[in-house]
Asker: 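One structure is given below, represented as structure tokens, and several questions about it will come after.
We name chains A, B, ... by the order of the sequence lines, and we start the count at 1 in each one.
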Amino acid sequence: MTGAIYAEDLIPEVKPSAVITNGTRFENNRATRESTWVKYTVLTIGLAFFTLFLLVPLVAVFYEALRQGMDVYWEALIEPDAVAALKLTLLTAAISLPINLVFGVTAAWAIAKFDFRGKQILLTLIDLPFSISPVVVGLMYLLLFGSSSWLGRWFIDHDITIVFAVPGIVLATIFITFPFIARELIPLMQAQGREEEEAAVVLGAKGWQVFWYITLPNIKWGLLYGVILCNARAMGEFGAVSVVSGHIRGMTNTLPLHVEILYNEYQFSAAFAVASLLAILAVFTLVIKTAVEYQHEKKQGK
Amino acid sequence: MALAGSKNFSVLPGFGPSLGYTLVYLSLIVLIPIAAVILKTLEMDWASFWSTVSSPRIVATYKLSFGAALLAAAINSVFGLVLAWALVRYSFPGKKIVDALIDLPFALPTAVAGIALTAIYAPNGWLGRLLEPLGIKIAFTPVGVLIALVFIGLPFIVRTVQPILEDIEIELEEAAASLGANRGQTFWYVVLPMLWPALLTGFALAFARGVGEYGSVIFIAGNIPMVSEITPLMIITKLEQYDVNGATAIAVVMLVFSFILLLIINALQAYTAKKTGRSF
Amino acid sequence: MSIEVKKLNKKFGDFTALDDISLDFKPGELVALLGPSGCGKTTLLRIIAGLEQSDSGNVILEGEDASDTHVRERQVGFVFQHYALFKHMTVFDNIAFGLRMRPKKTRPTEKQIHEKVMSLLKLVQLDWLANRFPAQLSGGQRQRIALARALAVEPRVLLLDEPFGALDAKVRKELRRWLRKLHEELHVTSIFVTHDQEEALEVADRVVLMNQGRVEQVGTPEEVYNRPATPFVYSFLGSVNLFNGRTEQNRILIGENSFQHEHSLDAGADVFAFARPHEIKIVTDMNADGLAAKVDRILSFGSSNRVELDDLKTGQLYEVSVTTEELAALQLKPGQQVRLTPAHLEVFQSAD
């Protein structure tokens with residue numbers, strides 16, 4: 001090769017994003033900057049609404065949980081029914097998560113990386129569980145596996161209980177959390193396009209190698225977020241599980257159902273103590289989500 | 001070139017297995033249970049179906065569920081837009097935390113939200129205590145249902161509007177300013193028209209969620225017949241009375257509504273995607 | 001390696017991307033596929049690579065029909081338009097990827113891979129960037145890394161999709177020269193797609209001009225520029241002046257003027273004629289033969305001088321290039337009326 005020097009190798013790149021120090025790009029732009037009173041009115045209304053509807057309920061959970069002291073709080077958590085409910089909740093999530101994870105990745109691969117007829121219909125069907133009332137979902141499984149259907153009778157004849165038992169709870173949870181991971185991955189993988197995967201194939205990568213070395217590293221953060229969100233919903237599902245569980249204490253009660261039972265028995269502090277566990281899960285979920293988005297922005301910003 | 005990528009050919013591996021698995025799994029988990037409801041409905045006779053779904057107590061629940069969900073979605077459209085605007089356009093202390101907590105209703109189990117809201121708005125609750133002397137009752141009235149649905153629906157609006165707001169080219173507003181428009185005019189004539197599809201989508205999503213919502217509502221609603229009962233509760237009530245047919249009839253009404261709304265949402269999203277070139 | 005494509009057809013729905021394309025590429029050649037966007041050039045490149053499948057026709061690599069050979073086995077190097085560098089891998093790992101994907105039996109040792117990658121990095125003069133990530137590179141550097149990655153698997157053919165499309169003008173020029181040199185050194189049969197005529201004419205040994213899924217002309221840069229085979233090629237390559245007229249015996253009537261021609265054309269047919277800006281003479285004598293036009297602007301900078309004129313009758317714009325001496329002798333002023341006489345006309349009969 002020649003020893004030519006390329007101008008672009010010598011000039012360091014200046015990143016315009018580094019110039020903005022405070023305020024948003026809109027506030028730093030004279031054309032899009034609003035007068036101060038508009039800004040503070042919008043902020044006041046927005047944040048007041050936020051505080052009233054989101055912040056206060058979250059604080060209320062922890063306040064009510066600890067109102068009667070740490071002892072009562074702790075007592076409510078180590079009570080056998082609560083522990084059983086926690087175990088069942090973890091079991092439900094542990095089964096439904098991997099199943100929906102495999103589905104989510106598979107469906108996203110088919111939809112994002114290939115063109116085929118009927119794709120829009122498939123996407124709509126995947127969204128379906130989002131718009132069906134959880135109570136209706138519970139009823140659907142009740143009808144399918146209850147004693148009035150032939151399938152339900154077949155299971156009963158073979159001594160397999162689905163409804164009012166753990167399998168029913170797991171199935172209803174799978175339905176409810178069905179779209180979460182797929183829905184997180186599909187737009188992400190569509191946005192990333194197919195060029196990198198095609199390049200890998202041209203360079204000799206086969207089947208799983210393409211997914212493992214190229215696709216997975218690119219979607220890992222989105223995948224993590226999808227899993228966390230799916231997990232939050234799996235552990236927190238109430239309506240659907242309520243219908244299929246039969247509310248058998250210590251047997252078919254998940255944490256949310258346990259909260260309901262305690263609340264209806266006027267054991268408010270205990271109810272809020274168990275609820276606070278779920279609220280911690282929710283906050284944890286949001287922290288992960290924020291971290292994922294931060295990662296994503298950092299990548300984009302480069 | 002835009003046309004790269006053929007309909008039936010791709011060098012990427014695994015199309016057949018991945019699509020096949022997707023379809024099988026979708027059928028097993030989603031489609032067959034839905035079919036179970038439809039089959040069950042076909043067993044019923046029309047007269048008893050109709051008398052169930054049109055009985056006064058059930059009709060009262062439609063009015064509350066649909067009315068409160070509509071109103072909550074409308075309230076959220078206004079305040080959700082304000083919040084989205086604040087998050088995109090301004091910097092303020094604690095913005096990151098506010099942004100993160102917007103999704104709280106997605107992450108917080110609905111039963112937890114339900115008892116928390118009740119603790120706040122019950123007559124002896126945090127805010128209920130202050131409102132009681134003024135003659136304002138929230139918990140155990142239809143207003144309580146509305147409050148719960150506002151809580152549940154807020155992130156739908158913020159999260160559909162926010163990315164669109166972020167993507168609006170600053171040049172468009174600069175152009176409006178250079179042509180003499182003030183900020184109000186720019187918002188009304190330039191920005192808002194671009195937000196309509198997203199607002200409508202968010203509205204429809206929040207509405208659909210609100211109609212079907214159960215966990216966060218039943219605690220604060222008080223469940224007084226003809227006053228503060230919601231439709232999903234009626235399914236539970238019928239089941240507790242071992243009236244499976246009645247429960248199924250109500251479920252069918254809700255399912256039909258879900259399908260219709262889903263189609264509308266899809267059309268809206270397709271429209272938005274076409275207009276803005278982004279997908280959800 | 002030689003490449004041959006035979007009777008390729010490809011449709012996307014109603015859109016015909018390739019319409020019966022047959023082409024020959026000789027071993028060691030550097031060929032440009034040139035045409036406007038949507039002309040099918042990228043589709044043709046992707047079919048040769050095996051990334052796309054034609055509806056009918058064959059791709060023959062080194063005399064062997066490769067139509068059903070998977071892209072993995074075709075041993076082609078493909079440089080994507082937006083480089084498709086793996087964002088999560090360093091430059092080094094990007095280039096090593098193809099070698100590391102080989103089955104155990106044929107996979108080189110890590111030491112051999114290291115040597116190979118470093119020699120490729122030296123070849124593209126970026127060995128100091130081995131541990132950077134693609135996001136930390138400039139556009140031109142990414143382009144060179146993408147090329148090094150494609151070369152790592154020792155391809156028999158190098159295919160480049162708009163290799164300079166995403167770069168700014170200055171970097172483009174540098175890389176153009178560099179690609180030409182690199183090709184002379186490696187001598188791998190290479191095909192690149194471009195919509196930039198200057199790029200195609202400057203870099204390629206041969207140019208394939210495509211339009212609406214069809215090949216308009218194949219030839220060396222000189223051939224296609226100086227002897228365009230079709231009206232499309234004429235108007236696509238370089239600036240050109242278009243005249244509409246009709247034939248009358250062995251003359252062509254354009255406006256009030258007529259010019260002699262030696263083409264075999266139907267009598268009384270509508271024709272259009274082309275002349276390059278340097279093939280037109282400006283005559284200040286208004287009594288002379290030629291098209292009447294009005295000087296609009298005189299652009300003189302560097303070594304070339306351009307005069308823009310409006311047709312007195314139709315207002316059509318003409319462009320004439322003149323040498324500095326001629327311009328000084330003509331003493332043109334904006335608004336001045338002159339006559340234009342083409343020294344050479346390429347005439348085509350209208351299709352209908």
Asker: With distance as the sole criterion, is a donor-acceptor pair present between the side chains of Thr215(A) and Glu197(A) under 3.5 Å?
Answerer: yes

Asker: Which bit of Phe92(B) comes within less than 4.5 Å of chain A, counting heavy atoms only: side chain, backbone, both or neither?
Answerer: side chain

Asker: Quick check for you: among Tyr214(B), Phe259(B), Phe151(B), Tyr90(B), which has the greatest number of heavy-atom pairs under 4.5 Å with chain A?
Answerer: Tyr90(B)

Asker: Among the options Leu205(B), Leu83(B), Val30(B), pick out the one with the most heavy-atom pairs lying under 4.5 Å from chain A.
Answerer: Val30(B)

Asker: Is the Phe79(B) to Phe53(A) ring centre distance short of 6.0 Å?
Answerer: no

Asker: Ile174(A), Ile228(A), Val283(A): which one forms the most heavy-atom pairs within less than 4.5 Å of chain B?
Answerer: Ile174(A)

Asker: Let me know if Leu127(B) has heavy atoms under 4.5 Å from chain A in its side chain, its backbone, both or neither.
Answerer: side chain

Asker: Any chance the rings of Trp85(B) and Phe187(B) have centres within less than 6.0 Å?
Answerer: yes

Asker: Could you check which of Leu281(A), Leu229(A), Val56(A) has the highest count of heavy-atom pairs closer than 4.5 Å to chain B?
Answerer: Val56(A)

Asker: Based on non-hydrogen pairs under 4.5 Å, which of Ile34(B), Val191(B), Thr22(B) is most in contact with chain A?
Answerer: Thr22(B)

Asker: Can a donor-acceptor pair be found, under 3.5 Å and without considering hydrogens, that links the side chain of Ser96(A) to the backbone of Thr173(A)?
Answerer: no

Asker: Any donor-acceptor pair under 3.5 Å linking the side chain of Ser149(A) with the backbone of Leu144(A)?
Answerer: yes

Asker: Given that the side chain runs from C-beta out, which part of Phe49(A) has a heavy atom under 4.5 Å from chain B: side chain, backbone, both or neither?
Answerer: side chain

Asker: Would you say the side-chain atoms of Trp126(B) pair up with the backbone N or O of Pro57(A), donor to acceptor, closer than 3.5 Å?
Answerer: no

Asker: Is there a side-chain contact between Asn264(A) and Glu260(A) (heavy atoms, below 4.5 Å)?
Answerer: yes

Asker: More than 12 heavy atoms of other residues, nucleotides or ligands under 6.0 Å from NZ of Lys206(A): yes or no?
Answerer: yes

Asker: Is Arg183(B) close to chain A through its backbone or its side chain, or both, or neither, when contacts mean heavy atoms under 4.5 Å?
Answerer: side chain

Asker: Could you verify whether a donor N or O on one side chain and an acceptor N or O on the other, from Glu293(A) and Tyr225(A), lie under 3.5 Å apart?
Answerer: no

Asker: What part of Ala177(B) lies closer than 4.5 angstrom to a heavy atom of chain A: side chain, backbone, both or neither?
Answerer: side chain

Asker: Considering only heavy atoms, which portion of Pro129(A) lies under 4.5 Å from any heavy atom of chain B: side chain, backbone, both, or neither?
Answerer: side chain

Asker: Ring centroid separation for Phe156(B) and Phe106(B), is it under 6.0 angstrom?
Answerer: yes

Asker: So does Ala232(A) get a backbone contact from the side chain of Thr285(A), meaning a donor-acceptor N/O pair under 3.5 Å?
Answerer: no

Asker: Using a cut-off of under 4.5 Å for heavy-atom pairs, which of Ile265(B), Leu261(B), Ile102(B) has the most such pairs with chain A?
Answerer: Ile102(B)

Asker: Taking Ala110(A), Ala191(A), Gly146(A) one by one, which has the highest count of heavy-atom pairs under 4.5 Å against chain B?
Answerer: Ala110(A)

Asker: With a 4.5 angstrom heavy-atom cut-off, is it the side chain or the backbone of Leu101(B) that approaches chain A, or both, or neither?
Answerer: both

Asker: Is it the backbone or the side chain of Leu255(B) that comes under 4.5 Å from a heavy atom of chain A, or both, or neither?
Answerer: side chain

Asker: Donor-acceptor check, side chain of Glu196(A) to backbone of Glu198(A), threshold 3.5 angstrom: yes or no?
Answerer: no

Asker: Out of Gly94(B), Pro17(B), Pro33(B), Gly16(B), which one racks up the most heavy-atom pairs below 4.5 Å with chain A?
Answerer: Pro33(B)

Asker: Go through Val244(B), Leu117(B), Leu154(B) and name the one with the most non-hydrogen pairs under 4.5 angstrom from chain A.
Answerer: Leu154(B)

Asker: Non-hydrogen atoms of chain A under 4.5 Å away: do they reach the side chain of Ile29(B), the backbone, both or neither?
Answerer: both

Asker: Is Ile218(B) close to chain A through its backbone or its side chain, or both, or neither, when contacts mean heavy atoms under 4.5 Å?
Answerer: side chain

Asker: Using non-hydrogen atoms and a 4.5 Å limit, figure out which bit of Asp103(B) sits close to chain A: side chain, backbone, both or neither.
Answerer: both

Asker: Heavy-atom cut-off 4.5 Å, strictly under: side chain, backbone, both or neither for Lys95(B) against chain A?
Answerer: side chain

Asker: Is it the side chain or the backbone of Thr248(B) that comes within 4.5 Å of chain A heavy atoms, both, or neither?
Answerer: both

Asker: Can you tell which part of Leu31(B) gets under 4.5 Å to a heavy atom of chain A, answering side chain, backbone, both or neither?
Answerer: side chain

Asker: So, the side chain of Lys113(A) versus the backbone of Arg194(A): is there a donor-acceptor pair under 3.5 Å, distance only?
Answerer: no

Asker: Report which part of Val202(A) has an atom under 4.5 Å of a heavy atom belonging to chain B: side chain, backbone, both, or neither.
Answerer: neither

Asker: If you count heavy-atom pairs under 4.5 Å between each of Pro256(A), Gly207(A), Gly138(A) and chain B, which one has the most?
Answerer: Gly207(A)

Asker: Around atom CG of Leu42(B), are there more than 12 heavy atoms of other residues, nucleotides or ligands at under 6.0 Å?
Answerer: yes

Asker: Closer than 3.5 angstrom, by distance alone: can the side chain of Lys119(A) be matched with the main-chain N or O of Phe114(A) as a donor-acceptor pair?
Answerer: yes

Asker: Below 4.5 Å from any heavy atom of chain A, which atoms of Leu23(B) appear? Answer side chain, backbone, both or neither.
Answerer: side chain

Asker: Quick one: list whatever passes ring pair (Phe, Tyr, Trp, His ring centres under 6.0 Å) with Phe207(B), sequence neighbours left out.
Answerer: Phe257(B)

Asker: Counting only non-hydrogen atoms closer than 4.5 Å, does Tyr21(B) touch chain A with its backbone (N, CA, C, O), its side chain (CB onward), both, or neither?
Answerer: side chain

